[in-house]
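Read through the structure below, which is laid out as structure tokens, and then see the notes.
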2 protein chains.
Amino acid sequence: MKKVPLSTMERLPAYLRVIDSLVSHGVDFASSAQLASRAGVSSAQFRKDMSLLGASSGVRGAGYDLAALRVEFRQALGSAELVRFVIVGAGNLGQALAASSAFRRGGLDLAGIFDVAEGRVGQEIAGISVLHDDQLEEFISANEVSIAVIATPGSSAQQVADTVVRGGAKEILNFSPVVLQVPSTVEVRSIDLGVELQMLALHARNGA
Amino acid sequence: MKKVPLSTMERLPAYLRVIDSLVSHGVDFASSAQLASRAGVSSAQFRKDMSLLGASSGVRGAGYDLAALRVEFRQALGSAELVRFVIVGAGNLGQALAASSAFRRGGLDLAGIFDVAEGRVGQEIAGISVLHDDQLEEFISANEVSIAVIATPGSSAQQVADTVVRGGAKEILNFSPVVLQVPSTVEVRSIDLGVELQMLALHARNGA
DNA sequence: GCATGTGAAGTGGTTCACAGCA
DNA sequence: TGCTGTGAACCACTTCACATGC
């Protein structure tokens with residue numbers, strides 16, 4: 001049961017959006033081919049994912065019951081239990097992240113936003129008061145925050161990482177272009193926006 | 001020579017940063033183990049990457065000549081030729097992206113920023129005047145822009161994608177939570193910030 | 001008959017382990 | 001001796017192709 005591949009899990013939110021969209025148009029049954037093409041994957045991929053998930057909403061010769069699928073996806077994503085997270089860095093990126101509706105979905109709870117700049121501390125973003133980094137460690141342990149999103153400049157990223165780890169955070173989503181050094185018990189996911197663009201540039205050059 | 005795996009290419013920027021940092025501390029020789037641990041990969045991984053790249057700066061029993069490595073990485077990344085790109089959407093995320101120093105590296109050239117909001121058109125961001133989306137298609141074809149970064153709300157993402165494709169863009173970096181439908185000649189890379197967090201939330205639940 | 005569900009084959013990338021060389 | 005360079009084994013995921021069952 002624990003054997004669902006990570007890559008399958010990463011596709012579930014996209015599947016969920018496709019289903020929501022179809023349901024809101026009054027559709028409540030669809031084939032793997034229809035669902036897959038809207039989600040940008042192959043139909044085999046989609047069926048394999050269903051198989052791996054142990055989903056049982058498919059009907060041979062007919063398609064999938066969307067309402068049932070939706071339920072299965074949601075519980076696979078574990079949306080029951082709320083997971084608290086904080087955003088460190090209230091600059092443009094931090095604000096963009098806080099505003100992102102995506103973060104309101106899926107059992108996530110934005111518990112706090114932190115920054116070091118006097119001008120930003122005390123401001124309200126997404127209905128939450130920005131606190132000073134000084135209070136970060138205590139806030140994390142007091143509120144049992146398990147995830148920290150680092151949206152600071154690279155120069156302070158490692159320091160922030162150390163702080164949140166001391167506070168007890170177990171996962172870090174890192175947007176700075178720095179490879180963070182953390183204990184192996186802490187999971188880090190990094191998104192380096194520069195790297196993403198460079199990969200495209202590479203394609204642009206090769207393709208042209 | 002074309003056989004360098006994508007995943008190897010994605011690690012080069014991180015390697016480059018590690019090397020730059022070491023060089024600036026006066027180091028000019030290092031072993032695969034030292035370099036790899038700072039870059040957050042295994043030493044075997046690092047050596048394999050060097051092997052696949054055809055790099056020849058390693059000295060058996062000693063380590064790697066950092067200056068020579070740096071040259072090889074840079075040319076592997078093709079930093080000679082400038083690739084032009086535009087950012088569509090001048091909200092928080094668009095501004096964060098425009099400000100990102102990462103985009104100034106690696107032979108990338110931010111040619112324009114676009115938005116639909118009256119209040120934003122005409123503003124200066126990162127030294128560039130924000131233009132209206134109306135001019136997007138023409139701008140792309142006139143300036144031979146090959147990459148478009150979509151930082152708009154999901155509701156307009158597909159429309160923007162259609163526009164940039166008509167203009168002649170060949171690659172799209174998509175930050176909206178929408179699966180874009182584009183001709184197969186166009187390469188799309190998507191970053192859904194919500195999905196990234198959800199994956200961490202998943203770990204948080206399972207780990208705890 | 002038609003679309004699902006799934007073993008089997010294929011693909012791409014990582015790790016292992018050791019031969020080769022300064 | 002120590003560390004690189006690399007074939008070979010391994011692993012995770014994807015695609016194929018077909019048996020299965022509504």
Side-chain angles (χ1 to χ4, degrees), chain A residues 1-12 14-15 18-19 22 27-69 72-73 76 184 189 195 199 202-203, chain B residues 1-12 14-15 18-19 22 27-69 72-73 76 179 184 187 189 195 199 202-203:
Chain A
M1 166 99 206
K2 271 260 166 155
K3 301 296 305 300
V4 182
L6 205 63
S7 43
T8 293
M9 296 305 290
E10 302 204 11
R11 281 187 291 272
L12 290 190
Y15 293 162
V18 168
I19 291 174
L22 286 175
V27 182
D28 46 30
F29 232 84
S31 71
S32 60
Q34 295 170 321
L35 293 169
S37 95
R38 281 163 208 263
V41 303
S42 72
S43 69
Q45 176 81 265
F46 182 86
R47 289 200 306 281
K48 186 55 142 186
D49 284 340
M50 294 309 96
S51 171
L52 292 167
L53 267 177
S56 53
S57 322
V59 182
R60 288 170 198 257
Y64 294 84
D65 177 340
L66 300 187
L69 264 194
E72 292 190 288
F73 287 178
S184 61
R189 243 181 135 81
V195 170
M199 294 311 295
L202 209 67
H203 259 270
Chain B
M1 164 101 208
K2 271 262 168 153
K3 301 302 301 304
V4 182
L6 205 64
S7 43
T8 294
M9 296 304 291
E10 302 203 11
R11 282 187 291 270
L12 289 191
Y15 292 163
V18 168
I19 291 174
L22 287 175
V27 182
D28 46 29
F29 232 84
S31 71
S32 61
Q34 295 170 321
L35 293 169
S37 94
R38 281 162 207 262
V41 302
S42 72
S43 69
Q45 177 81 266
F46 182 86
R47 290 200 305 280
K48 186 55 143 185
D49 285 340
M50 294 308 98
S51 169
L52 292 167
L53 268 176
S56 53
S57 323
V59 182
R60 288 169 198 256
Y64 294 84
D65 177 340
L66 300 186
L69 263 194
E72 292 189 289
F73 286 178
V179 179
S184 60
E187 158 117 359
R189 241 178 136 81
V195 170
M199 294 310 295
L202 208 67
H203 260 270

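No hydrogens, no waters, no symmetry mates; every other heavy atom, side chains included, goes into these values. Proteins get letters first, then strands, A, B, ... in listed order; numbering begins at 1 in each. These figures come from a predicted structure and were not determined experimentally.
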For this session: Answer yes or no: does a side-chain N or O of B:Tyr64 lie under 4.0 Å from OP1 or OP2 of C:dA22?
Result: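 For B:Tyr64, the contact criterion (side-chain N or O under 4.0 Å from OP1 or OP2 of C:dA22) is not met.
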Exercise. Is B:Ser32 near enough to D:dT4 that one of its side-chain N or O atoms lies under 4.0 angstrom from OP1 or OP2?
Worked result: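 So the side-chain polar atoms of B:Ser32 do come within 4.0 Å of the phosphate oxygens OP1 or OP2 of D:dT4, strictly under.
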Exercise. So how far is it from A:Ser7 OG to A:Gln45 CD, rounded to the nearest 0.5 Å?
Worked result: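 Here the rounded value is 7.0 Å.
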Exercise. Would A:Leu35 and A:Leu69 satisfy side chain to side chain contact (heavy atoms under 4.5 Å, CB included), going step by step from the backbone distance to the final call?
Worked result: CA-CA 11 Å; A:Leu35 293 169; A:Leu69 264 194; 4.2 Å; yes
Problem set entry | ring pair (Phe, Tyr, Trp, His ring centres under 6.0 Å) evaluation trace for A:Phe46 with A:Tyr64 | CA-CA 11 Å; A:Phe46 182 86; A:Tyr64 294 84; 5.4 Å; yes
Problem set entry | Backbone N/O of A:Ser56 and side chain of A:Glu72: donor-acceptor pair under 3.5 Å |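 The answer is yes, because a donor-acceptor pair under 3.5 Å joins these two groups.
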For this session: Verify the distance criterion only: is there a donor paired with an acceptor across the side chains of B:Ser57 and B:Asp65 at less than 3.5 Å?
Result: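 No donor-acceptor contact under 3.5 Å links the two side chains.
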Seminar exercise, completed: 5' to 3', nucleotides 6-15 of chain D under a 4.0 Å protein heavy-atom cut-off (B base, S sugar-phosphate only, - none) gives BBB----SSB
Problem set entry | Nearest-Å distance for atom pair CG/P, residues A:Asp65 and C:dT4 |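 For the pair A:Asp65 CG and C:dT4 P, the rounded distance is 13 Å.
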Exercise. Tell me: CG of A:Leu35 to C1' of C:dG5, nearest whole Å?
Worked result: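 It works out to 15 Å between those atoms.
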Exercise. A:Gly61 or B:Gly61: which one's nearest nucleotide on DNA chain D is closer to the 5' end?
Worked result: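 The residue mapped nearer the 5' terminus is B:Gly61.
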For this session: Report, as yes or no, whether the 6.0 Å neighbourhood of atom CZ on A:Arg189 holds more than 12 heavy atoms from other residues, nucleotides or ligands.
Result: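 Check passes, neighbour count above 12.
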